[in-house]
There are 2 protein chains.
Amino acid sequence: MSARRSELTRAAARLFAEKGYHGTSVGDLAKALGVQKGSLYAHIESKADLLWEVASEGAAAFHAALDSVPEDAAPVDRIRDALRAHLRVVAEQLDVATVFVREWRYLEGERRDAFVAERRRYEERFRALFREGRELGQLRTDLDDGTAALLALSAANWAYTWLRPGSDTDALADRFTALLVDGMRGYATR
Amino acid sequence: MSARRSELTRAAARLFAEKGYHGTSVGDLAKALGVQKGSLYAHIESKADLLWEVASEGAAAFHAALDSVPEDAAPVDRIRDALRAHLRVVAEQLDVATVFVREWRYLEGERRDAFVAERRRYEERFRALFREGRELGQLRTDLDDGTAALLALSAANWAYTWLRPGSDTDALADRFTALLVDGMRGYATR
DNA sequence: CCGCCTTCCGAACGATCGTTAGCCTCCAAG
DNA sequence: CTTGGAGGCTAACGATCGTTCGGAAGGCGG
């Protein structure tokens, strides 16, 4: 992919995140590149292509982040690492993450279906961390792991609204993990 | 406000939630009422009025929900009640809640400023529950109440994406609260 | 019965939308 | 030296956007 084309994708991510997909016109994208809007069609077939591309980039980034979590570590450590990895993606690729979380729903047809499947798969991988943690006995055996995963995923998915680039996302993820593990009333058990 | 006008506001909430503010045309709104689009201007001055109205309705609903939390109850109970109240609003007014959480950012000018102030005030009221819980000693004294509030608010604000009308929101809120209080590893202390 | 108010229609407004077309320029590979 | 592709231009397309306007029903209070 040409350098110009990459610039276009980056501009699309930024503008879609800032003004929304339907709030961003092809003219806006052209202006961001300093070009007439008709010229963009040397690079794309339609505006929808850009949304698909940015959304796919987001899916790839989050899956790659989860891939970095070691499979043989202790469950609590894996949960902490998964949260670290997720928040790092959000902070380092905020525009892409925003499109991944909020703007994907303007995808249409089979692209939408394909994206939803990838998104569901990501959340399922996340959920599995909690289920395995309970099954392996490192988390309380009566844990409601579905609720725990939902709570963690809520924090992860909501992060794009408040997380700013440059934040110490590892520390943030560790605070979330500590709270999830020990709670607000319990006392440290280690 | 006339009955017809209320119908229009409800249709706007539904369509803005389903297709987004910029993805909803005045023609779409007119079709929902079975009317020509020009006819809507007997009720409103602009499309932006409807967004403002729905967003304001959401702010009022969430603040009213927090008002229902008794001030003299124990901190943990107040947190549980606040979560219950919030999730109940989401489930019972899903469209309005969706606009309140996601579509408000297309407000412009002083309306946007006013909304942001109301939203910040709501989150601040929520945060105070955790801070007071720590200060009053019912939560661990070394609690990171900012992180705890962020976690709870994330769950609350993300709920519109998965919560369906008719869910048992009280039970849901109780599960969230139990997890926040006791954690995934701790054992019940009562 | 009159006049007003609400509600809607049908038509049109200018602006902007996403997209296409034909033409031009530049540069690198053959 | 030629040629072809990449990238950009200007102009225009039909569609749709949010909004305005004049007129006309219909009901309701005076």
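Please read all numbers here as calculations on a predicted model, not as lab measurements. Below, chain A is the first sequence line, B the second, and so on; all start at residue 1.
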Undergrad: How does protein contact run along nucleotides 25-30 of chain C, one letter per nucleotide 5' to 3', with B for base contact, S for sugar-phosphate only, - for none, heavy atoms under 4.0 Å?
TA: ------
Undergrad: Mapping A:Ser39 and B:Gly34 onto DNA chain C by nearest heavy atom, which one lands closer to the 5' end?
TA: B:Gly34
Undergrad: Think A:Arg102 forms a cation-pi with A:Tyr160, using NZ or CZ under 6.0 Å from the six-ring centre and within 45 degrees of its axis?
TA: no
Undergrad: Is B:Asp145 salt-bridged to B:Arg127, going by a charged N under 4.0 Å from an acidic O?
TA: no
Undergrad: Measure from the side chain of B:His43, starting at C-beta and using heavy atoms only, and say which of D:dG7, C:dC9, C:dT7 lies closest.
TA: C:dT7
Undergrad: Which nucleotide in the set D:dT20, C:dG18, C:dC8 lies at the smallest distance from any side-chain heavy atom of A:Tyr41?
TA: C:dG18
Undergrad: For B:Asp170, is there an ion pair with B:Arg175 - N to carboxylate O distance below 4.0 angstrom?
TA: no
Undergrad: Output yes when a side-chain donor or acceptor of B:Arg5 lies under 3.5 Å from a complementary backbone atom of B:His43, and no otherwise.
TA: yes
Undergrad: Of all the heavy-atom pairs spanning A:Ala97 and A:Phe62, show the shortest one and how long it is.
TA: CB-CZ, 3.9 Å
Undergrad: Residues of residues 22-31 of chain A with any non-hydrogen atom less than 4.0 angstrom from an atom of DNA chain D: list those, numerically ordered, please.
TA: none
Undergrad: Assess whether a salt bridge exists between A:Asp67 and A:Arg125, defined as any Lys/Arg side-chain N lying under 4.0 Å from an Asp/Glu carboxylate O.
TA: yes
Undergrad: Looking at D:dT10, D:dG7, D:dG18, which one has an atom nearest to any side-chain atom of A:Arg4?
TA: D:dG7
Undergrad: Between B:Leu163 and B:Leu94, which heavy-atom pair has the shortest distance, and what is it?
TA: O-CD2, 3.7 Å
